[in-house]
2 protein chains.
Amino acid sequence: MARMSSVDRRHEIVQAALRVIAADGVSGATTRAIVAEAGMSLASFHYAFTSRDEMMRELVAYVVESETVAAFSALRFGTDIRTSIRDSLTAYFELAVVADPGHEQVMFELMQYALRTPGIEHLAREQYDRYRAAVSGLLETGAENAGIRWSLPVEDVARLVVTISDGLTLGWLADRDTAAAMRVIEFAADSLSRLAEPAPTNSTVRTTTKERSA
Amino acid sequence: MARMSSVDRRHEIVQAALRVIAADGVSGATTRAIVAEAGMSLASFHYAFTSRDEMMRELVAYVVESETVAAFSALRFGTDIRTSIRDSLTAYFELAVVADPGHEQVMFELMQYALRTPGIEHLAREQYDRYRAAVSGLLETGAENAGIRWSLPVEDVARLVVTISDGLTLGWLADRDTAAAMRVIEFAADSLSRLAEPAPTNSTVRTTTKERSA
DNA sequence: GTCTATAATGAGATAGAC
DNA sequence: GTCTATCTCATTATAGAC
């Protein structure tokens, strides 16, 4: 086996561990299963990491770091905010959930692992903060394109979107009822679009009442 | 140790296992931890169950069987459907989530265990079917008391409620932000109450304009 | 029926040669 | 740096006395 830097080796191990977790769950990710997947010896594992726990902490941090809401951002927002929300949720659902159920299941398992593991509970919170921050950005872009503004703080709207996405995903993982999930998306699009209100036009001074930080 | 029937002993083991899982998670529920909690010997465990897997399957089935949405049904629905929804969600959130976070976490873990374990995947679906059935009953009672009817099939409304409850619970478990959760509940009450429409009075013929299938 | 004792397996981690 | 071989411990499960 070719020599490689410690950083690369650690990354290679984390990637192999993620593949094992996707296939067999967190409990199936034993050191032996991981090194078999990575094609290396058990000793190499313990050369790169002092313990399995250390590796798992790095894995969770890596996932939290790299997880983006890619499916959402693939969408271009149009002028109709309801359609934009519906299409974005549908894209998330079809691309991130239905097309790859294992991935979302792994996200939930890792969140619970983080909540259960002393010292990394904060990573569960960070995972959600990142989701919400990503969704907030999309909601602001969507509002701009549609010429509306949100009647609630955008962070609150983002939390609603993430709440619905989580519930939608869990429910579908349980019963795989895609048609029912689409009806949930229609309801969500109806409800969320009611939080939009016409934005002041550009010809008016928009920062009169609420100064914005540059 | 007093002798007891096999059924009682199995039940006692399952109860002890649930306590261990609440404290340490599914992975912490080793046979040793369980028998220590139950105050019996390892051999007694294997007299009652042939294997740990068999016990876990019975445990999941027991939870699915006995899980009710108790917090919801503690509520009496008033005449205002929005208030009823808000109070019910708040009661669920405060009584079942905040007051006992471990319980809901265990529910999620057991669902994932079921999804991962060959032969009991159907229990995850049953778990959700039971939630939705219980919520459906409450929604029908609430509609009757408020003099409204749901503009969607009540099963669809129930799915929406469960979707939001799941998302609400997961989000709170991650960041413990109770104030933000309450804002989600307000939004849910607004959105769900829009699915209510005035029920025909008993003196009018209710199927004149919109024929319903019996 | 319940116990003590132990077999059998698989886990994480380490020693030491190369 | 990487390997083989091994250690130590915890796990599930079973055997056999009472």
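No hydrogens, no waters, no symmetry mates; every other heavy atom, side chains included, goes into these values. By convention in this document, chain letters (A, B, ...) are assigned in the order of the sequence lines, proteins followed by strands, and residues within each chain are numbered from 1.
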Considering only NZ, NE, NH1 and NH2 on the basic side and carboxylate oxygens on the acidic side, decide whether [X] and [Y] come within less than 4.0 Å.
X: A:R9; Y: A:E12; answer: yes
X: A:R176; Y: B:E121; answer: no
X: B:E65; Y: B:R130; answer: yes

**Asked** Looking at B:R125, B:H122, B:R159, which hits side chain to side chain donor-acceptor pair (under 3.5 Å) with A:D175?
**Response** B:R159

Write down the distance between [atom1] ([X]) and [atom2] ([N]), rounded to a whole number of angstrom.
X: B:F45; N: C:dT4; atom1: CZ; atom2: C1'; result: 18 Å
X: B:F49; N: D:dA13; atom1: CZ; atom2: P; result: 12 Å
X: B:D24; N: D:dA10; atom1: CG; atom2: P; result: 15 Å
X: B:D8; N: C:dT2; atom1: CG; atom2: P; result: 11 Å
X: B:I13; N: D:dA13; atom1: CD1; atom2: C1'; result: 14 Å

If the condition is side-chain hydrogen bond (donor to acceptor under 3.5 Å, both in side chains), which residues does [X] pass it with, not counting sequence neighbours?
X: B:T178; answer: B:W172
X: A:S41; answer: A:S44
X: B:H11; answer: B:Q15

Where do N or O atoms of nucleotides 6-11 of chain C meet protein N or O atoms at under 3.5 Å, pair by pair?
none

**Prompt:** Looking across every strand, which nucleic acid part, if any, lies under 4.0 Å from A:S41 by heavy atom: base, sugar-phosphate, or nothing?
**Reply:** base

**Asked** Between B:S44 and C:dC3, does any side-chain N or O lie under 4.0 Å from OP1 or OP2?
**Response** yes

**Asked** Within the structure, does a side-chain N or O atom of A:H46 lie under 4.0 Å from either OP1 or OP2 of C:dA13?
**Response** yes

Could you go through residues 108-115 of chain A and list every donor-acceptor pair under 3.5 Å that involves a side-chain atom there, pairing it with any protein atom two or more places apart or in another chain?
{"residue": "A:E109", "atom": "OE1", "partner": "A:V26", "partner atom": "N", "Å": "3.1"}
{"residue": "A:E109", "atom": "OE2", "partner": "B:R116", "partner atom": "NE", "Å": "2.6"}
{"residue": "A:E109", "atom": "OE2", "partner": "B:R116", "partner atom": "NH2", "Å": "2.8"}

**Fill in**
Testing D:dT2, C:dT2, C:dA13 for proximity to the side chain of A:Y47, the answer is D:dT2

**Message:** Parallel, tilted or perpendicular, judged at 30° and 60°: which one describes the rings of A:Y131 and A:Y128?
**Reply:** perpendicular

Protein-nucleic acid N or O pairs under 3.5 Å, nucleotides 15-18 of chain C:
none

